[in-house]
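Note: hydrogens, waters and symmetry copies are ignored here, and every other heavy atom, side chains too, is used. Numbered from 1 within each chain, the chains take letters A, B, ... in sequence-line order. None of these values were measured; they are calculated from a predicted model.
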Amino acid sequence: MANNDAPNIRKNKGTIAVIKELVFLGFLILVSVIGLMWFLRPKTSEVEKRKLTKFPTLTLKGVWDGSFFFHEAKAEGELPGGVNTWYADTYPLRELLIQGDQAVKSLYGKQGEQLISSGQSADEIPDGSLTPEQLAALAGLDDSTEPEPAETGQAPSGEVPSGEVPSGQTPGGDQTEPVTEAPTDVQGAGDVTAPAEKAGDIYITNNCGYGIYYFSQSNSAKYVLAMNTLAESLKGKANLYCMLCPISAGIMLSDSVRESIGASDENEAMNWMYQQMDPSVKTVAVYNNLKSHNNEYIFFHTDHHWTALGAYYAYLQFCTEKGITPHELSSFETMTFSNFLGTFYSRSNRSPKLAANPDTVTAYIPNGTNDMTMYTSYGSKNGGYTEYKWRIVNDVSGYPNSELYGTFAGGDQPYNYAHNPEITDGSSVLVVKDSYGNAFIPFLIDHYEHIYWIDYRYFKGWCSWAGKPYSWISGLVNEKGIQDVIICNNIDFVGSENLLGLMK
Amino acid sequence: MVFSSLFFVFVFFLANILTQAFVPDIKKKNIVMLCFSLVFYAWSGLRFVPLLLIMTFICWVGAIEVIRAQARGKSGKPILAAAIVLVLLILGIFKYTGFFLKNVQLLTGVPKEIPRIVMPIGISFYTFQLLSYVIDVYRGDAEVQKKYWLLLLYASLFHQCIAGPIVRYRDVYEDILHRKVKLSEVSRGITRFTVGLAKKAILANGCSKVADTLLAAGVIETTSVLGVWLGAICYTLFIYLDFSAYSDMAIGMGLMTGFHYKENFNYPYTADSITDFWRRWHISLSTFFRDYVYIPLGGNRCSKARHIFNMFVVWGLTGMWHGASWNFILWGLYYFVFLVLEKYVIHPEQRIVKPLRRVLTLLVVVIGWVLFRFSDMGMLGTALKGMVGLNGNAFHTAPSWIIFQNNVWFLLFACVSVTPLGTHIANAMRNLSRKSAAWFWTYGVWDILHPLILLVLSTMALAGASYNPFLYFQF
């Protein structure tokens with residue numbers, strides 16, 4: 001049969017080869033043509049929370065050394081760049097392709113337990129207290145801290161969802177009044193000078209993510225040294241509270257599971273740091289209070305933050321330390337937002353396990369006031385900051401489901417202020433915080449007349465823009481006559497140069 | 001530019017095959033091909049292009065002068081030697097200066113500052129290609145190329161310029177001058193190219209991710225014994241899948257445009273001896289050393305001592321070729337030791353049954369890749385100690401176990417993919433397609449669709465690799 005049909009088969013084989021070539025070429029051309037549609041290329045990625053790579057500027061140097069075409073990340077926390085990177089990073093169908101890739105990767109193995117790791121590991125936590133010289137030696141062990149932002153570190157649009165705050169109109173429909181026109185002589189709009197904080201390692205089990213903490217000797221020593229410097233400069237002026245916020249693996253997992261995944265003991269780490277601090281620093285050790293409530297919903301499943309309830313237990317500890325009476329949870333009105341899929345979800349490249357277990361954000365509205373003033377870079381086309389009237393607990397219904405933690409305290413804005421009219425004793429507090437502080441601030445409002453909070457990652461840029469003669473904490477304390485200063489940061493970020501740089 | 005990028009596949013490569021298909025005569029095809037190749041090479045920095053031009057020039061002049069000398073009844077050997085020395089000197093300066101000075105500094109304390117010399121991409125590959133050309137011309141094994149630009153096309157041809165295979169001039173000059181594109185070859189080329197792309201974008205990158213997680217600096221010290229082995233095995237899989245994928249893509253692109261390159265790999269992980277492994281691994285490099293170093297030194301047709309010396313030279317050079325670092329030299333000499341042992345001491349084919357020989361060979365290869373991976377001797381020590389449990393870590397711990405479970409099917413698939421099983425299945429299907437019309441068309445549909453499927457999967461994987469989430473907005 002084969003012999004008789006040989007010419008026929010040959011012809012058919014030819015037909016198949018032609019079809020094969022046309023299909024192959026057709027697909028290449030299709031993908032290529034879509035790639036040419038520059039107007040369809042996305043500029044930002046909501047889920048990755050970043051700007052996508054821009055088309056590089058053509059320079060002779062870039063062509064000569066090849067960086068115009070492709071270059072690796074120039075520093076930690078940065079991304080690769082160049083034409084090749086731009087092409088893939090902003091490809092019109094990128095989002096769809098990534099989702100397809102994720103679907104394929106979910107078939108790679110059993111995904112019941114997952115470890116999303118970037119190859120970090122923990123240092124041993126030293127014993128006992130060290131002399132400043134010993135601490136300095138530890139601090140100098142390595143310089144692997146996150147990169148310093150540019151001088152005028154501009155706030156990102158933060159957890160106030162981008163693209164949703166037109167001038168005068170907020171998503172909730174309330175009127176806001178842009179009070180200040182941003183000056184025009186600052187950097188270009190949208191320049192990313194905010195420090196890159198890439199998501200850390202996550203352990204996922206039973207549809208829950210847990211943030212893994214790795215103790216770093218050098219970062220912890222740097223933190224302690226900076227805290228002691230700050231304590232020195234605030235002596236006689238203000239009370240300094242240090243509240244290290246634990247991340248979830250240390251609180252929610254049993255010690256044996258935590259150890260098995262290589263995570264450090266957060267309690268031991270915090271206690272060691274507290275032990276090294278100047279006696280004038282009032283340490284707010286929140287670990288035990290949180291740990292004893294770890295059967296409650298104190299950390300999100302799909303996000304690296306604590307819930308407002310977690311922050312409430314930290315607040316109770318603060319009240320004990322300050323010697324004031326905390327308010328009952330039942331005394332607050334609440335707002336609730338469901339279907340929250342946070343940073344773990346995006347870090348895991350949208351783990352289906354986490355998608356199956358979305359979070360609910362509950363926020364407790366302060367009794368004294370829910371009004372605040374914030375400075376945000378959003379809405380100013382020329383890269384400055386705009387003053388907005390905002391709400392301490394904001395209604396984020398209808399926001400993208402990755403941004404619901406943004407309900408708290410205006411999100412990550414460089415400088416914020418609230419006046420509580422219920423209190424008239426002139427009391428004031430400054431909270432120096434990262435996003436962990438956001439959920440804590442609403443509870444603090446009812447105890448002070450003047451409440452200031454700054455996000456240490458963006459404060460310096462704001463100072464520069466606002467023409468302040470300082471760009472550090474004690475400068476603000478002096479200007480406003482602040483009585484209490486609370487450093488409230490996530491234990492994972494003790495090495496942040498942005499924070500340490502403010503603690504003069 | 002790397003093959004495994006969306007820009008390469010959907011812009012550069014597409015433009016290349018379209019122009020090759022529509023540009024009419026061979027001269028124009030070659031001019032266009034040369035332009036593409038130079039752009040491809042310049043993509044890693046225009047600054048490296050002059051070097052490629054100069055080295056090609058040296059060998060172009062060298063070969064012409066050799067032929068002239070031979071026409072005058074002389075041997076041409078001094079000219080050949082001068083060309084070889086010049087080309088190797090340039091390679092040496094760019095590739096080995098830093099390494100050499102670092103060692104001198106360790107011994108003598110000078111120089112204080114070691115100049116940072118950036119190594120031009122692909123220099124090791126095109127240097128060897130050019131050397132093979134000029135030597136072959138001298139030996140009468142290849143015709144001299146009078147046109148500089150055509151020799152430049154050979155040296156810079158983007159299919160193989162930066163990652164091999166090391167193609168001999170005598171194997172492609174016919175294609176350069178008279179290539180014809182055949183439908184059946186294009187069809188095979190499409191399959192080969194997409195298989196290579198998927199091998200790189202999906203399998204190699206996936207294996208590398210697991211290996212990197214387990215063998216990273218700062219992690220390997222605490223990785224369990226099983227974890228280090230898992231990392232080493234993933235690295236073993238990665239290095240073959242990655243390297244052979246580039247050769248697959250080169251061969252595939254060649255077939256699509258009328259070039260014929262020899263196979264560079266032949267399922268090296270199924271080798272049953274170290275000798276056999278090196279017949280199957282990076283064939284174009286081992287045959288280069290065989291033809292231009294080993295045999296000229298006398299090969300094995302000499303005394304035992306001389307033979308061992310010849311092998312020592314070849315494997316020392318093979319190690320050095322892979323990189324300017326002691327671990328690569330160590331890796332080359334490691335193979336030298338096993339090859340001498342096989343040849344003169346163990347004679348495994350007489351004493352050990354084949355399946356066991358395969359396992360032992362693979363074991364030697366895996367440990368070899370550990371040597372290959374760590375240029376930092378401290379980390380290399382940690383890795384080797386970790387494999388035998390001398391780092392004080394548990395035999396197995398949760399992190400490596402979780403990583404293994406998360407990738408278990410993927411790794412199984414990757415293991416199968418380095419064996420000839422896929423090829424056997426493809427051959428069986430092809431044979432079956434001759435049995436009946438139904439099978440014929442089934443096979444035909446498969447033949448049309450599977451490159452497309454691989455291309456879609458690879459595109460998704462390459463886009464997925466750009467996924468880079470941040471904790472806070474970086475807008």
Side-chain angles (χ1 to χ4, degrees), chain A residues 2 12 14 16-17 19-21 23-24 27-29 31-32 35 44 48-51 63-66 69 79 83-84 87-89 91 94 97-98 100-102 104 107-111 113-115 117 119 121 156-158 162 192 194 196-199 260-262 304 343 346-347 349 412, chain B residues 1 5-11 13-14 17 43-47 183-184 186-187 190 194 206 212-213 216 218-219 221-222 397-399 402-411 434 440 444 447-448 451-452 455-457 459-475:
Chain A
N12 289 340
I16 287 170
I19 296 173
K20 182 175 172 181
E21 278 157 40
V23 166
F24 177 71
F27 182 77
L28 287 183
I29 292 171
V31 176
S32 174
T44 55
E48 290 160 85
K49 295 187 163 53
R50 69 176 174 99
K51 270 187 184 172
V63 173
W64 183 249
D65 67 16
F69 305 111
L79 294 175
V83 174
N84 281 33
Y87 188 86
D89 213 26
Y91 187 78
R94 175 175 181 269
L97 292 169
I98 290 177
D101 183 48
Q102 175 60 15
V104 173
L107 305 173
Y108 276 16
K110 299 182 200 165
Q111 311 294 350
E113 260 184 307
Q114 288 178 56
L115 201 58
S117 160
S121 66
S157 57
S162 53
V192 175
E197 266 155 12
K198 298 197 76 173
S260 77
I261 55 169
H304 71 290
T343 52
S346 67
R347 171 72 170 103
N349 201 346
D412 297 332
Chain B
M1 200 178 326
S5 66
L6 294 182
F7 187 82
F8 175 81
V9 177
F10 296 107
V11 179
F13 167 67
L14 176 64
I17 50 171
W43 216 255
S44 47
L46 198 58
R47 59 181 165 170
L183 191 61
S184 63
V186 176
S187 168
I190 288 171
T194 50
D212 288 349
T213 308
V219 170
E221 292 81 358
T222 53
T397 52
I402 293 169
I403 290 168
F404 174 67
Q405 280 192 319
N406 290 169
N407 293 285
V408 57
W409 313 127
F410 169 77
L411 292 174
R434 298 195 185 107
F440 178 86
D447 193 36
I448 292 165
L452 186 69
L455 197 55
V456 171
L457 289 173
T459 306
M460 292 193 315
L462 291 176
S466 70
Y467 187 79
N468 249 316
F470 280 80
L471 267 188
Y472 302 103
F473 284 94
Q474 297 294 317
F475 289 155

| request: Give the intermediate values and the outcome of side-chain contact (heavy atoms from CB on, under 4.5 Å) for residues A:Y87 and B:F8. | output: CA-CA 10 Å; A:Y87 188 86; B:F8 175 81; over 6 Å; no
| query | Picking from B:G206, B:A465, B:P451, B:A398, which has the most non-hydrogen pairs under 4.5 angstrom with chain A? | reply | B:A398
| message | For a side-chain contact (heavy atoms from CB on, under 4.5 Å) check, start with the C-alpha distance between B:L14 and A:V31, then their side-chain angles and the critical distance, and finish with the verdict. | response | CA-CA 10 Å; B:L14 176 64; A:V31 176; over 6 Å; no
| chain B interface, residue from A:V83, A:L28, A:L107 that has the most non-hydrogen pairs under 4.5 Å | A:L28
| query | Does some side-chain heavy atom of A:Q114 sit less than 4.5 Å from a side-chain heavy atom of B:I403? | reply | no
| query | Between B:T397, B:V186, B:L457, B:V11, which shows the greatest number of heavy-atom pairs under 4.5 Å with chain A? | reply | B:V186
| In terms of heavy-atom pairs under 4.5 Å with chain A, which of B:S184, B:G444, B:P399 leads? | B:P399
| CG of B:L462 to OH of A:Y91: how many Å apart, nearest 0.5 Å? | 12.0 Å
| Taking only residues two or more places apart in sequence or in another chain, which ones pass side-chain contact (heavy atoms from CB on, under 4.5 Å) with A:N84? | A:F70, B:M1, B:S5, B:F7, B:W43
| note | Looking only at heavy atoms, the pair that brings B:W409 and A:G109 closest together is CD1-CA, 3.4 Å
| query | What part of A:I29 gets closer than 4.5 Å to chain B, counting heavy atoms only: side chain, backbone, both or neither? | reply | both
| chain B: which of A:D89, A:D65, A:V104, A:L115 shares the most heavy-atom pairs with it under 4.5 Å? | A:D65
| task | Give the minimum heavy-atom separation between A:I98 and B:S466, together with the two atoms involved. | result | CD1-OG, 4.3 Å
| What's the shortest heavy-atom distance between B:A461 and A:D101, and which atoms? | CA-OD1, 3.4 Å
| said: Tell me whether A:Q111 contacts the main-chain N or O of B:N406 through its side chain, where contact means a donor paired with an acceptor under 3.5 Å. | reply: yes
| field | Structural part of A:V63 lying under 4.5 Å from a heavy atom of chain B | value | both
| query | Under a 4.5 Å heavy-atom cutoff, which of B:N407, B:T459, B:L46, B:V456 has the most pairs with chain A? | reply | B:L46
| said: Which label fits A:Y108 and B:F410: parallel for a plane angle under 30°, tilted from 30 to 60°, or perpendicular past 60°? | reply: parallel
| note | Residues B:L183 and A:A17: closest non-hydrogen pair is CG-CB, 3.8 Å
| field | Pair A:K20 + B:D447, salt bridge at N-O below 4.0 Å | value | yes
| note | Counting heavy-atom pairs under 4.5 angstrom with chain A, the leader among B:I190, B:L452, B:L6 is B:I190
